[in-house]
Each structure stands twice: as structure tokens, then as C-alpha cells.
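Okay, so here's the structure we're looking at.
To find a chain, count down the sequence lines: A is the first, B the second, and so on, and within it residues start at 1.
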Amino acid sequence: MFRWRKSADDEWSCTLHGRILSFRQDASHLHYRAVFPSALPTPPPSNAPSTHPSIAAEEDDTLALVRHYFNLEPNLAQLYEQWAAADANFKKKAPNFTGVRILRQDPWEALIGFICSSNNNISRISSMVHNLCKHYGPLIGHLNDEAYHDFPTPAALADPEVEAHLIKLGFGYRAKYIAKTARMVAEEKGLTWLNNLCNPESPIFGREPIPAGAFSEGGREGYQNAHQELLALHGVGPKVADCVCLMGLGWSESVPVDTHVWQIAQRDYKFGRGKHSSLTPATYNAVASHFRKLWGKEAGWAHSVLFTADLKAFSERVTAKVEVKEESVVIKAEPDGMQVEEILVKTETAKRKRVKKEDEEERPIVEVKTEVVTRSKRRKGR
DNA sequence: GCCGGACCTAACTG
DNA sequence: ACAGTTAGGTCCG
């Protein structure tokens, strides 16, 4: 999710499953197009007569991929109602705060991305992930003269010289985390090990859903197991493990407790005193379990909504404080579909710019709930 | 199990 | 100009 970039006015692009996906949103629809690599590495030699072989509509899985990736199935309104009914603070802090969905990202990419995220800021995380793709990921194609690479495989990052190179690229101490974790996954545990930690209800793209176990305050058994297993990797603590569980493995009850959530827990949920005065592993579990008990099986989703709402409120307080006289333009809603981190970057940079440079003309602000996906446009060749 | 400190980096703060 | 702080933590002793 740290890889999405603005490819044009009002258009965002990223590689996904071997193709470049671009999105544009208007008042009623989310438009997408997919650009496939002109020369696939393994083209079936049997049917390669045409220089511009178009993919038959039946064979194009892009729409299914998009639906899967953006996790569009769950009923947002119903869930918001449920969370608001169970939690007065949620009701107060996150009303009408639509447009936050939990992406179903590739487990391996999520793992490395969140290892990069530790004690770090989003713009640097993005550039780090971008550098991983640029130097170790296969080239998929170009868009507006910009190269688009896929995320590197575990084997590509397991190369012995990776760590030194990443340090040169400014990864800091995370270079070692990435190199070690890549070696463990590539040479020891295997990528299937990681993928098999997925919630069977929302498996990696292309596989059939299978019911998962029963929900409890500590989370389903599969979730607890996945969280536990991930902790064995270097650079993966409880928070990163939960991020991977939630956004890479589809365990919706996972509640990542970072410093910000910890602040919220102390301020609004009576944590931070007595036995839970500091964020120890025990406190971490208590906080996460408390939110699971409160919000239920989709606790991780509710957590992201509350988190985003809170950060936005904070951001607006800051803006109001710095820029007292200008209050005409207010960001009203986030574009749907983007993952939380992505949203936060955009709002914050937008606000910063406005405050500092009086930069007008930011991204158009749309109040939409996009549930409809239409207009498949496909391109082939170059 | 719980604490305190170190840890890469870049942008921001006083 | 420049030390201190912060950013969606983790590891080590």
C-alpha cells in the first residue's frame, strides 16, 4: 500500500499481480484500467500470432482482482451501525467517517512494508518500498515514462549483498531486518508457510474461501497462530505482526496497537493506569483484546476507522491553530478504497502545503461511497 | 515479565 | 545555525 503513486491529475497507479493498475474516481464510480506487460516472460508459444493479442474479456481477471484487493464485499453501513451501538466513543468520534476499507494485500509485500514502517514516517517508508521494487523487483512496464516494478520476491531480497546495498540506500537498521527476514522466508520457512497463515475466509487472490474458526476475545485460533509465527521473524514485533495479520493475511480481528492507538486507549478507554500504565506486551494484548471484545470480529477495521478519524481531527486542530483566518476549505471525505496509510499521507501533505505556501488547488474533494466498479479498459502492447 | 537504552534517517522545532 | 524531537517499533541486556 506504500507503493501507490499519483500517475496523473486525479489518477493513482500501482502494479498488482503482474500488471499496472490505474484508478480514477468521480462522483459515482471508481474507474480502473490495467496495463499488461508488452512481452510476458512466459508467453504460450502456441498462440502468439498477433502482435497485439488482446485478452478475451472472460480471461481478464482484473475486475475480480480489484474487488478482492479493495475488499468491497463487507457492508460498511451495517458494520458502522454495529460499532457505534457497541461503543459510545466510536459513535462520537467516527460518525459518517466512510471510505476506509481494509485492503487485502499480498502477504509478503505487507510483511516487508510493515517491517520498514517501524519507528518511521510514511513518506520515507514509501520511498524505501519504492527502492526495493526499483532495485530488486521485475519491471512490469512504463506509465508516463515512469517505470513500474513489481514487488521483489523473497529470493531476490535474500541475496547476501542486499543488506549492504540497502544501507547505502538509506534503510538504516531496517536493512538487516529485511535481509534476515528474506533469508528466513526464502531459504528456511518458504513463501507457502507465509501464505498458509492467511485467513481461509479471505485467501490470497484466486483461491476458494473456506470458513475459519470461531471468534473469541483473543481472536480466532488461526489469527493467534499467525501472529505468533510472525514474531519469529527479525524486525517483527507485536505491532508489525498485527499489521501483517490484518492487511496481508485477512485476519480482521487483528488490532495493531501503535503509539497512536495507545494514546487513544489511554485517553478514551481508561488505559494507562495501574497494571497497564505502560505499553508492555501484556498491556498490548489487553488493549487489543479490549477492542476485540468491544467491536467484534471486524475489530481491526473499526480500529482503522477510529484511528483515521482521530488523526484527521488532530490534523485539523493543527491546521486551525496555525492558520486561524483561513477556514473556508475543509477536506470532507477521503477517497474510498485507498488504504488508511495512503489516505493519511495525502491529507497531511495537502494541509501542510496549504498552510505553508497557500497552495491552492488541491486534489478534488469528493464525498462518495464507491461500491460500483465499471469500465474495464484494457491495453496491450506498447 | 518488566524497564531503559540504542537504533538509521530526514524533516521539523525552538 | 544546531541540538533535540518525532515518525504508525523492535531488539538487546
Have a look at [X] and say if it touches a base, only the backbone sugar-phosphate, or nothing, with a 4.0 Å heavy-atom cut-off.
X	value
A:Val236	sugar-phosphate
A:Leu233	sugar-phosphate
A:Gly237	sugar-phosphate

### Task
Kindly indicate, with the supporting measurements, whether the criterion side chain to side chain donor-acceptor pair (under 3.5 Å) is fulfilled by A:Thr280 and A:Thr283.
CA-CA 5 Å; A:Thr280 64; A:Thr283 305; 3.1 Å; yes
Starting at atom [atom1] of [X], determine the distance to atom [atom2] of [N], rounded to an integer number of angstrom.
X	N	atom1	atom2	answer
A:Tyr177	B:dA6	OH	P	15 Å
A:Leu111	C:dG8	CG	P	20 Å
A:Lys176	C:dC12	NZ	P	9 Å

Salt bridge check: are [X] and [Y] linked by an N-O gap of less than 4.0 Å?
X	Y	result
A:Glu109	A:Arg3	yes
A:Glu161	A:Lys168	no
A:Asp87	A:Lys92	no
A:Arg19	A:Asp150	no

### Message
Only pairs with both distances under 3.5 Å count, Watson-Crick or wobble alike; so what is the partner of C:dG8 in this structure?
### Response
none
### Message
Only pairs with both distances under 3.5 Å count, Watson-Crick or wobble alike; so what is the partner of B:dC8 in this structure?
### Response
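B:dC8 is unpaired by these criteria.
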#### Entry: Output field: ring centroids A:His234/A:Tyr177 closer than 6.0 Å
yes
### Query
Where each residue is assigned the nucleotide of DNA chain C containing its nearest heavy atom, which of A:His234 and A:His260 is assigned the position nearer the 5′ end?
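Counting from the 5' end, the first nearest nucleotide belongs to A:His260.
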At a cut-off of 3.5 Å, list every protein nitrogen or oxygen paired with a nitrogen or oxygen from nucleotides 1-4 of chain B, distance to 0.1 Å.
unit_1, atom_1, unit_2, atom_2, d
B:dC3, OP2, A:Ser278, OG, 3.0

### Task
Would you name the heavy atoms of A:Pro152 and A:Trp108 that are closest together and state the gap between them?
O-NE1, 2.9 Å
#### Entry: Short side-chain N/O contact from A:Thr259 to OP1 or OP2 of C:dG9, under 4.0 Å
yes
### Message
In whole Å, measure the gap between the C1' atoms of B:dC3 and C:dG8 for me.
### Response
23 Å
